[in-house]
2 protein chains.
Amino acid sequence: MHATAITPSNRSASKAKVVRGLLEGLLEGKWQGGNRFTETLGAEAFGVSRTPVREALLDLQALGLIELRRNCGAIIHPFGENDLREIYAVRSLFEVEATRVAASRINLAKVETLIEAFEKIRGSGGIDPEWEFDRGLHQLIADSSGNRRLSTEIGRYSSLVQTMREIVGARAQGIHSASADEHLEILRALHRRDASDASSAMRDHLQQASDSAVAAMLEIRQR
Amino acid sequence: MHATAITPSNRSASKAKVVRGLLEGLLEGKWQGGNRFTETLGAEAFGVSRTPVREALLDLQALGLIELRRNCGAIIHPFGENDLREIYAVRSLFEVEATRVAASRINLAKVETLIEAFEKIRGSGGIDPEWEFDRGLHQLIADSSGNRRLSTEIGRYSSLVQTMREIVGARAQGIHSASADEHLEILRALHRRDASDASSAMRDHLQQASDSAVAAMLEIRQR
DNA sequence: GCTCCGCGGATTGTATACAATAACGGAAGT
DNA sequence: ACTTCCGTTATTGTATACAATCCGCGGAGC
């Protein structure tokens, strides 16, 4: 539904490729020192022109991952455990607030549908399809917040996290997706229209997700 | 200090021009219906090429102000009182959190410097220079949050608000800048390292700012 | 009359060319 | 040796050209 800035399916495919490549480098731990990365360099590295590279760099700058200085190229800051936690901290800020607000407005029928979906997952023990529903849940909450700006911000970070997931998923084995239980706790609180419990459950959920992401990154780097 | 996305002094002057022009239209209340705005149209309207228009549209999309659809042009949503309040709500989310975290880390000497500055302002009754210190205060808090991501987001919204201020300031008479008292309350709480009071004062400050901005927008539209 | 296919135009996505500008280095002066 | 100035060069900012893609419309077939 949202025009996701980072992974717009196939819209701006080149830009997405560049973003992914740079994120891979960040997660792997390349660019340890304050490395410089010019648009031309990126264009050659990824086999595209400067234009999508430039747009990718602007996006990454807006996410605080790089610093752009005129006629200097992008300064890539070393990316560590702490940076990943910061990303989840901001995401948590957004989504906890969205959950709190959404509790009194969210469409209960949709909540029930998702509850059934997650219960089915928990029963079957399937892991793979869960991310799909996870995205659906976060999207539903964002849209139900009634604040377009908040929803947009959530979408931006959602795309970032999604891309990181894909990168990590392709390399790390033991990356465990969030447990259906956490999702169900959020959903049941929402169904009761209990803003406090719901937002609290969302906070815990994202804390888990944060720890999990850090573990996955460290696993990747130990190779 | 930050590479501000919207008003980078004179970096990307054309892009800034386009952003400002579009924001003017939004604040004035043009584009009431779901208007379409193509890149070519913008290029002609502002006398620049498509490239800076495109970048401006991407920024505005990331701020939730417009919707970009492939081969469809930008869909400009009507902008109302509620949208302005939403922007301040998100900003409040960022800055209240930053204030809370910064309380235990902020450099007290810098706080004292700002306290003196605001006390001088309050004495002299000068209004004009206050925005400059206002920006300094918010920037200091953002940088003291110790979270680069959070700081970046604050910078994005800060630029947006700053541009809106400039637009409004050029048209409305009675736009009153925030009272020095509000700033002093934040600063004194920070100086006590009282996270609760400081963040609470920041919340109140932004609530005032929000009301003030809405009033200014309505004043503009009544002409 | 209704549906489906295909084509033309409009619009974005990407590449390239040109202009502006700031970093870098070296030479001259002290 | 240090600093300052200036020219070169690297790099971004902007403009333009080209490619891909989607939307709408009209006509053919049923």
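Being a predicted model, the structure only gives us computed values, none of them experimental.
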request  = Round to a whole Å and report the spacing from CG of A:L68 to P of D:dT11.
outcome  = 14 Å

inquiry  = C:dT11, OP1 or OP2 - any side-chain N/O from B:R36 closer than 4.0 Å?
reply    = yes

Criterion side chain to side chain contact (heavy atoms under 4.5 Å, CB included) against A:L65, the qualifying member of A:V19, A:L160, A:L57 = A:L160

remark   = B:F46 atom CZ is separated from D:dT14 atom P, nearest whole Å, by 14 Å

query = Are side-chain heavy atoms of A:V214 and A:Y88 found at a separation under 4.5 Å?
reply = no

Salt-bridge criterion met for A:R156 and A:D59 (N-O under 4.0 Å) = no

ask   = Of A:A74 and A:T51, whose nearest nucleotide on DNA chain D comes first from the 5' end?
value = A:A74

request  = For the residue pair B:M164 and B:I87, establish whether any side-chain heavy-atom pair is separated by less than 4.5 Å.
outcome  = yes

request  = Measure from CD on A:E55 to C1' on C:dA15 and round the result to the nearest Å.
outcome  = 12 Å

key: Rounded distance in Å - CD (A:E39) to P (D:dT14)   = 11 Å

Test item: A:M202 and A:E97 side chains (from C-beta on) under 4.5 Å apart, heavy atoms = no

query = Does OP1 or OP2 of C:dT11 have a side-chain N or O of B:T38 closer than 4.0 Å?
reply = no

Atom-pair distance (CG on B:L57; C1' on C:dG13), nearest Å = 14 Å

ask   = Does OP1 or OP2 of C:dT14 have a side-chain N or O of A:S49 closer than 4.0 Å?
value = no

Pairwise 5' ranking along DNA chain C for B:F37 and A:P52, keeping only the more 5' one = B:F37

message = Using a 6.0 Å cut-off, check whether atom CZ of B:R69 has over 12 heavy atoms from anything other than its own residue.
response = no

ask   = Within the structure, does a side-chain N or O atom of A:S14 lie under 4.0 Å from either OP1 or OP2 of C:dT14?
value = yes

Protein proximity profile, nucleotides 17-24 of chain D - base contact B, sugar-phosphate-only contact S, no contact -, cut-off 4.0 Å on heavy atoms = B---BS--

Pairs under 3.5 angstrom only: tabulate donor-acceptor contacts from the side chains of residues 45-52 of chain A to other protein residues two or more places apart or in another chain.
residue: A:S49; atom: OG; partner: A:T51; partner atom: N; Å: 3.3
residue: A:R50; atom: NE; partner: A:E39; partner atom: OE1; Å: 2.9
residue: A:R50; atom: NH2; partner: A:E39; partner atom: OE1; Å: 2.9

task = Give a yes/no answer on whether the side chain of A:R54 brings an N or O atom under 4.0 Å of OP1 or OP2 in D:dG13.
result = yes

